[in-house]
Amino acid sequence: MYDYIAIERKYGSGGHSIAAELAKRLGYRLYDRGVVVETCKRMGLPYDQVSGMDEQTPVKAIFKAPGEHLSLEEQIYNTEVSIIKEAAEQPGCVFVGRCASEILKDKKVLKVFITADTDYRMDRSISVEKNEPDKAEEVMNKFDKKREKFFTTHSGQKWGSPEYFDLIINSGNVGVDAAIALLEAAAKA
């Protein structure tokens, strides 16, 4: 049985919904937006500021002077790493995003990537995420690019790569319920 499940997802694929129901069925703790809330508490920053920089790849200076401070994005990432590692001190966690698969690579973690075709994700972007129809694709592409760059930068791996992930599920093809059932079976295997 896997004690940890790390889910990366394309925007609009239903990754959060799948993770939430999977955690419930397994009796695991879910770590998704709660990581942002905890980061706010620890850093004393407002939610809007942290959520805007969450899963954001920092622009690193080529040359840093000795003693130069980390950027706010780097501080947020380091805080999230600490939260994820602390959460993983107790087995039974489902993590969404934030490169948890790489942060916990020394543990038995099921690495999952949730995807779906563009039409399915566009529909969810509008119906679930409440994006305006004329902005849905733009929002979807923005989040996907941000997540891909963040993942690649912090893991050194290709986002969505079958060589890295244990399971890649197309939620648009199999459906959310089947995706949850597949992951539940895999987690218990």
Side-chain angles (χ1 to χ4, degrees), residues 1-39 51 54-55 77-125 127-129 140 143-144 146-148 150-189:
M1 179 146 181
Y2 285 92
D3 293 325
Y4 310 97
I5 301 162
I7 298 175
E8 293 290 334
R9 73 281 182 226
K10 282 195 170 184
Y11 186 88
S13 65
H16 172 77
S17 301
I18 291 167
E21 181 59 28
L22 177 64
K24 184 176 165 184
R25 288 187 189 184
L26 294 172
Y28 283 14
R29 298 175 318 279
L30 176 66
Y31 292 91
D32 189 1
R33 295 177 189 123
V35 173
V36 176
V37 172
E38 182 61 26
T39 300
S51 67
D54 181 48
E55 291 188 305
Y77 175 71
N78 289 342
T79 302
E80 291 181 344
V81 167
S82 295
I83 292 165
I84 290 168
K85 286 182 175 181
E86 288 168 19
E89 289 174 7
Q90 296 293 319
C93 305
V94 175
F95 298 95
V96 180
R98 292 160 193 86
C99 219
S101 58
E102 192 64 19
I103 293 166
L104 302 175
K105 65 184 175 185
D106 61 328
K107 300 194 179 291
K108 186 177 180 187
V109 59
L110 180 63
K111 299 177 288 192
V112 179
F113 190 81
I114 307 290
T115 189
D117 64 50
T118 301
D119 289 341
Y120 178 85
R121 295 186 310 119
M122 285 281 291
D123 288 345
R124 284 187 58 86
S125 177
S127 65
V128 177
E129 302 297 334
M140 189 173 72
F143 273 92
D144 283 348
K146 180 176 114 168
R147 288 173 179 171
E148 180 177 13
F150 179 85
F151 180 83
T152 302
T153 298
H154 292 291
S155 71
Q157 303 292 327
K158 186 176 184 294
W159 195 56
S161 166
E163 290 79 26
Y164 180 80
F165 290 95
D166 301 313
L167 288 172
I168 298 174
I169 298 176
N170 185 322
S171 59
N173 287 349
V174 302
V176 170
D177 291 336
I180 295 163
L182 285 166
L183 289 172
E184 184 179 11
K188 292 178 177 177

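Values below: all heavy atoms of this structure, side chains included; hydrogens, waters and symmetry mates excluded.
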Between H154 and Y77, how do the two ring planes meet: parallel, tilted or perpendicular, split at 30° and 60°? parallel
Sequence-distant partners of S127, side chain to side chain contact (heavy atoms under 4.5 Å, CB included), two or more places apart: none
Gap separating the CE atom of M1 from the NZ atom of K108, nearest 0.5 angstrom: 9.5 Å
Spell out, as yes or no, whether a donor-acceptor pair under 3.5 Å connects the side chain of E80 to the backbone of V36. no
Heavy atoms from other residues, nucleotides or ligands near CD of E86 exceed 12 (cutoff 6.0 Å): yes
Starting from the C-alpha separation in whole Å, work towards a yes-or-no answer on side chain to side chain contact (heavy atoms under 4.5 Å, CB included) for E102 and V81. CA-CA 10 Å; E102 192 64 19; V81 167; over 6 Å; no
Just by modelled atom types, is the Q90 backbone N or O under 3.5 Å from a matching donor or acceptor in the R29 side chain? yes
Atom CG in D123, atom OG1 in T118: separation rounded to 0.5 Å? 11.0 Å
Say whether, by atom type as modelled, one donor and one acceptor occur between the side chain of R98 and the main chain of V96 under 3.5 angstrom. yes
For S125 and R121, indicate whether the former's side chain and the latter's backbone hold a donor-acceptor pair under 3.5 Å. no
So CZ of F151 and OG of S101: to nearest 0.5 Å the spacing works out to 4.5 Å
Nearest non-hydrogen partners of L110 and A187, listed with the distance: CD2-N, 4.1 Å
Do V35 and T39 have side chains that approach each other closer than 4.5 Å (heavy atoms only, starting at C-beta)? yes
When you compare the side chain of M122 with that of M140, does any pair of heavy atoms fall below 4.5 Å? yes
For a quick check under 3.5 Å, do S155 and Y164 share a side-chain donor-acceptor pair by atom type? no
Between W159 and F150, is the gap from one ring center to the other below 6.0 Å? no
Between the OG atom in S13 and the CG atom in N170, the distance rounded to the nearest 0.5 Å is 9.0 Å
Step by step, would you call H16 with R33 a side chain to side chain contact (heavy atoms under 4.5 Å, CB included)? CA-CA 9 Å; H16 172 77; R33 295 177 189 123; 3.5 Å; yes
Side chains of I103 and F95: closer than 4.5 Å at any heavy-atom pair? no
Donor-acceptor pair, R9 side chain versus I114 backbone, under 3.5 Å? no
Under the side chain to side chain contact (heavy atoms under 4.5 Å, CB included) rule, what do L167 and L182 come out as? Steps first, then yes or no, please. CA-CA 10 Å; L167 288 172; L182 285 166; 5.9 Å; no
I need the L30 CG to L22 CG distance, nearest 0.5 Å. 9.0 Å
With side chains defined as the heavy atoms from C-beta onward, is the minimum distance between Y2 and L26 less than 4.5 Å? no
Any donor-acceptor N/O pair, S171 side chain to T115 backbone, under 3.5 Å: yes
Distance in Å, I5 CD1 paired with L183 CG, rounded so as to fall on 0.5 Å steps: 6.5 Å
I'd like to know if the side chain of D144 and the backbone of K10 have a donor-acceptor N/O pair within less than 3.5 Å. no
Thinking salt bridges, do K85 and E89 make one under a 4.0 Å N-O criterion? no
Please check if the side chain of Y4 supplies one atom and the backbone of L104 the other of a donor-acceptor pair under 3.5 Å. no
Does R124 have any side chain to side chain contact (heavy atoms under 4.5 Å, CB included) partners at least two apart in sequence or in another chain, and if so, which? S17, Y120, V128
